[in-house]
Colleague: 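First the structure, then my questions, so here it is.
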Amino acid sequence: MDEKRADRRQKTPLVVLAGPTAVGKTHLSIRLAKALDAEVISADSMQVYRHMDIGSAKITPEEMEGVPHHLIDVLEPEDDLHVVRFQQMAKQALREICARGRIPLLVGGTGFYIQAVVRDIAFGEERPKADGYRQEMERLAREKGAQWLHGQLAAVDAQAARQIHPNNQKRVLRALEFYHETGLPISVHNQEQQQKVSPYACAYFVLTDDRETLYEKIDRRVDQMMADGLLEEVRALKARGCTRDMVSMQGLGYQELLAYLEGAYPLEEAVRLIKRDTRHFAKRQLTWFKREREAIWMDKKGRDETRILEDMLRECRERGIIR
């Protein structure tokens, strides 16, 4: 056994199945989990919420086919979710899965969350901010808008501003807050963390497809979500008291339909925006995963799912994750 193989066998195994939205991760993840004797940890920033099933394309109990899943339906829509909290929950699930002698399979499209687990990124201690900087920036953002807030980030950390969408106010605020506290751009901190060697014996798969095919799937999925009752799901969340400033309601589909219910634009425009924004999101996901040096790309074009599964299992054997 070579030195690298021996080193991997001493590490905790971890398999990742990532990829853009609508690419087909869910069905493949069940087949992979059964072949590996694995349990799934969801790396999806929306499926973690209860009462948000349609818009998050949440896997159903029937689709799970008996495979245990973690970090699905564990928070209420009023709860805040950030990368540190996700990392803590995922690591706890990972420890429990390994204690049962099974392999953890991390599945989803939220690249930053996946990276936080795979590289065990150190974020520092989460603590209350005594100087009120965050509250003041939130107030100014409400007055001046998301583009203004994003401009503040661009002025101190141009690289982070290029990587964070202006509408992702949570991440923009975190980056500004990090700079305010440390004087260091968060992009520099992230680059340092990205150089860390993973503590896991990891096979990091990224499922992809032809871009036009992917965009067509996204449009069909949005139409199906509307037919399945996404508007009614959002209306129920609004009646519950959920508002656009909540982390949960910033998810694709939810923010656009909530704006429609508040009279911002017609329903047809809301659906058009959901499709457009989801396509843009898928493009950003692919850009993110292309930066991940551990990524093993699994292209669906010209290959059926069985062939892809066989290739993934071969990679797992080569890494000493399975025999």
Side-chain angles (χ1 to χ4, degrees), residues 15-33 40-48 52-60 63 72 105-115 118 162-168 171 203-228 230 250-257 268-312 315:
V15 179
V16 178
L17 176 54
T21 185
V23 75
K25 297 183 296 295
T26 299
H27 188 265
L28 179 58
S29 72
I30 298 302
R31 296 188 65 183
L32 181 59
V40 172
I41 302 173
S42 172
D44 187 293
S45 61
M46 298 307 297
Q47 293 192 13
V48 70
M52 304 182 75
D53 303 333
I54 299 171
S56 69
K58 188 178 295 175
I59 187 170
T60 66
E63 289 171 332
I72 291 177
L105 173 57
L106 190 62
V107 180
T110 309
F112 191 33
Y113 286 11
I114 294 170
Q115 184 186 86
V118 169
R162 286 192 295 270
Q163 294 173 352
I164 303 174
H165 194 276
N167 291 342
N168 195 338
R171 285 191 64 197
Y204 189 147
F205 300 109
V206 178
L207 188 64
T208 187
D209 204 344
D210 174 75
R211 186 162 293 188
E212 289 305 313
T213 300
L214 182 62
Y215 288 175
E216 290 171 5
K217 288 181 179 178
I218 287 170
D219 287 351
R220 290 198 301 270
R221 173 184 275 190
V222 172
D223 288 336
Q224 188 61 53
M225 285 177 173
M226 294 302 297
D228 289 344
L230 178 57
Q250 291 171 18
L252 290 165
Y254 296 98
Q255 58 180 324
E256 294 88 354
L257 288 178
E268 294 78 8
E269 175 66 4
V271 173
R272 185 191 72 82
L273 289 173
I274 296 170
K275 292 178 178 180
R276 183 202 68 183
D277 293 348
T278 305
R279 291 193 297 268
H280 290 173
F281 177 58
K283 184 177 179 180
R284 293 196 303 275
Q285 286 176 301
L286 288 166
T287 299
W288 175 281
F289 292 125
K290 285 176 182 176
R291 296 197 302 262
E292 295 296 87
R293 62 180 183 270
E294 304 97 337
I296 306 163
W297 288 83
M298 292 287 154
D299 194 343
K300 295 180 70 174
K301 190 175 181 180
R303 291 198 298 171
D304 63 22
E305 191 176 80
T306 298
R307 174 68 183 277
I308 292 173
L309 179 62
E310 290 171 351
D311 290 346
M312 295 169 79
E315 292 282 355

Colleague: Of the non-hydrogen atoms in Ala203 and Ile296, which two are nearest, and what is the gap between them?
Modeller: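 Heavy-atom minimum between the residues: CA-CD1, 4.4 Å.
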Colleague: With a 3.5 Å distance limit and no angle check, can you tell me whether Lys300 reaches the backbone of Val23 through a side-chain donor-acceptor pair?
Modeller: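 Indeed, once roles are kept as given, a pair shorter than 3.5 Å links the two residues.
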Colleague: For Lys275, is there an ion pair with Asp219 - N to carboxylate O distance below 4.0 angstrom?
Modeller: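 Judged by the 4.0 Å cut-off on N to carboxylate O distance, Asp219 and Lys275 do not form a salt bridge.
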Colleague: Assess whether a salt bridge exists between Arg307 and Glu310, defined as any Lys/Arg side-chain N lying under 4.0 Å from an Asp/Glu carboxylate O.
Modeller: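 Salt bridge absent between Arg307 and Glu310.
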Colleague: Could you go through the side chain to side chain contact (heavy atoms under 4.5 Å, CB included) check for Arg303 and Asp311 one step at a time?
Modeller: CA-CA 11 Å; Arg303 291 198 298 171; Asp311 290 346; 2.3 Å; yes
Colleague: Answer yes or no: is there a donor N or O on one side and an acceptor on the other, between the side chain of Glu256 and the main chain of Ala270, under 3.5 Å?
Modeller: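 Looks like no, no N/O pair under 3.5 Å.
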Colleague: Quick check: closest heavy atoms across Tyr113 and Ser45, and the distance to 0.1 Å?
Modeller: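 Answer, listing the atom of Tyr113 first, then Ser45: CE2-CB, 3.8 Å.
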Colleague: Assess whether side chain to side chain contact (heavy atoms under 4.5 Å, CB included) is satisfied between Met312 and Leu17, documenting all intermediate values.
Modeller: CA-CA 10 Å; Met312 295 169 79; Leu17 176 54; 3.9 Å; yes
Colleague: Side-chain donor-acceptor pair under 3.5 Å between Arg221 and Thr21, yes or no?
Modeller: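 Their side chains do contain a donor-acceptor pair, which is all the 3.5 Å distance test asks for.
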Colleague: Distance check, rounded to the nearest 0.5 Å: Tyr204 atom OH versus Arg293 atom CZ?
Modeller: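 Going from OH on Tyr204 over to CZ on Arg293, the span is 11.0 Å.
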Colleague: Report yes if some heavy atom in the side chain of Ile30 is under 4.5 Å from a heavy atom in the side chain of Ile59; otherwise report no.
Modeller: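 In contact.
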Colleague: How long is the straight-line distance from OH of Tyr254 back to CE of Met46, given to the nearest 0.5 Å?
Modeller: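 It is 5.5 Å, given to the nearest 0.5 Å.
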Colleague: Do Lys283 and Arg211 have side chains that approach each other closer than 4.5 Å (heavy atoms only, starting at C-beta)?
Modeller: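 Sidechains of Arg211 and Lys283: in contact.
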Colleague: Is there side-chain contact between Arg31 and His27, with heavy atoms separated by less than 4.5 Å?
Modeller: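 Side chain of Arg31 against side chain of His27, heavy atoms only: contact under 4.5 Å found.
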Colleague: Any chance you could measure Thr278, atom OG1, to Leu252, atom CG, to the nearest 0.5 Å?
Modeller: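 It is 4.5 Å, given to the nearest 0.5 Å.
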Colleague: Taking all atoms of both residues into account, what is the closest heavy-atom pair of Val206 and Ala295, and its distance?
Modeller: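 In this case the closest contact between Val206 and Ala295 is CG2-CB, 3.8 Å.
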Colleague: Distance check, rounded to the nearest 0.5 Å: Leu273 atom CG versus Arg276 atom CZ?
Modeller: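 Output value for this atom pair is 5.0 Å.
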Colleague: How close do Asp44 and Ser56 get, counting heavy atoms only, and between which atoms?
Modeller: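 Taking Asp44 first and Ser56 second, the nearest heavy atoms are OD2-O, 4.5 Å.
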Colleague: What's the shortest heavy-atom distance between Ser42 and Ile72, and which atoms?
Modeller: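 Shortest heavy-atom contact: CB-CG1, 3.7 Å.
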Colleague: Could you check Asn167 against Gln250 for side chain to side chain contact (heavy atoms under 4.5 Å, CB included), going step by step and ending with a plain yes or no?
Modeller: CA-CA 9 Å; Asn167 291 342; Gln250 291 171 18; over 6 Å; no
Colleague: Mark yes or no for whether Lys25, through its side chain, and Leu207, through its backbone, hold a donor-acceptor pair below 3.5 Å.
Modeller: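 A pair under 3.5 Å: no.
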Colleague: Can you name the side-chain contact (heavy atoms from CB on, under 4.5 Å) partners of Thr208, sequence neighbours left out?
Modeller: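 Leu286, Trp297, Asp299.
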Colleague: Applying side-chain contact (heavy atoms from CB on, under 4.5 Å), name anything that partners Asp228, two or more places apart in sequence or on another chain.
Modeller: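 Here the qualifying residues are Ile54, Gln224.
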Colleague: Could you tell me whether the side chain of Gln285 and the main chain of Gly109 form a donor-acceptor pair under 3.5 Å?
Modeller: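 Such a contact is found between Gln285 side chain and Gly109 backbone.
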Colleague: What's the spacing between Arg162 CZ and Thr287 OG1 if we round to 0.5 Å?
Modeller: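 Here the rounded value is 13.5 Å.
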Colleague: Verify side chain to side chain contact (heavy atoms under 4.5 Å, CB included) between Glu216 and Arg220, making sure each step is shown before the conclusion.
Modeller: CA-CA 6 Å; Glu216 290 171 5; Arg220 290 198 301 270; 3.8 Å; yes
Colleague: Would you name the heavy atoms of Pro20 and Leu214 that are closest together and state the gap between them?
Modeller: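 Shortest heavy-atom separation between Pro20 and Leu214 comes out as CG-CD2, 3.7 Å.
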Colleague: Distance check, rounded to the nearest 0.5 Å: Arg279 atom CZ versus Ile218 atom CD1?
Modeller: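 That separation rounds to 7.5 Å.
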Colleague: Decide yes or no for Val16 and Glu294: does some side-chain heavy atom of the first lie under 4.5 Å from some side-chain heavy atom of the second?
Modeller: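 No. Closest side-chain heavy atoms not under 4.5 Å.
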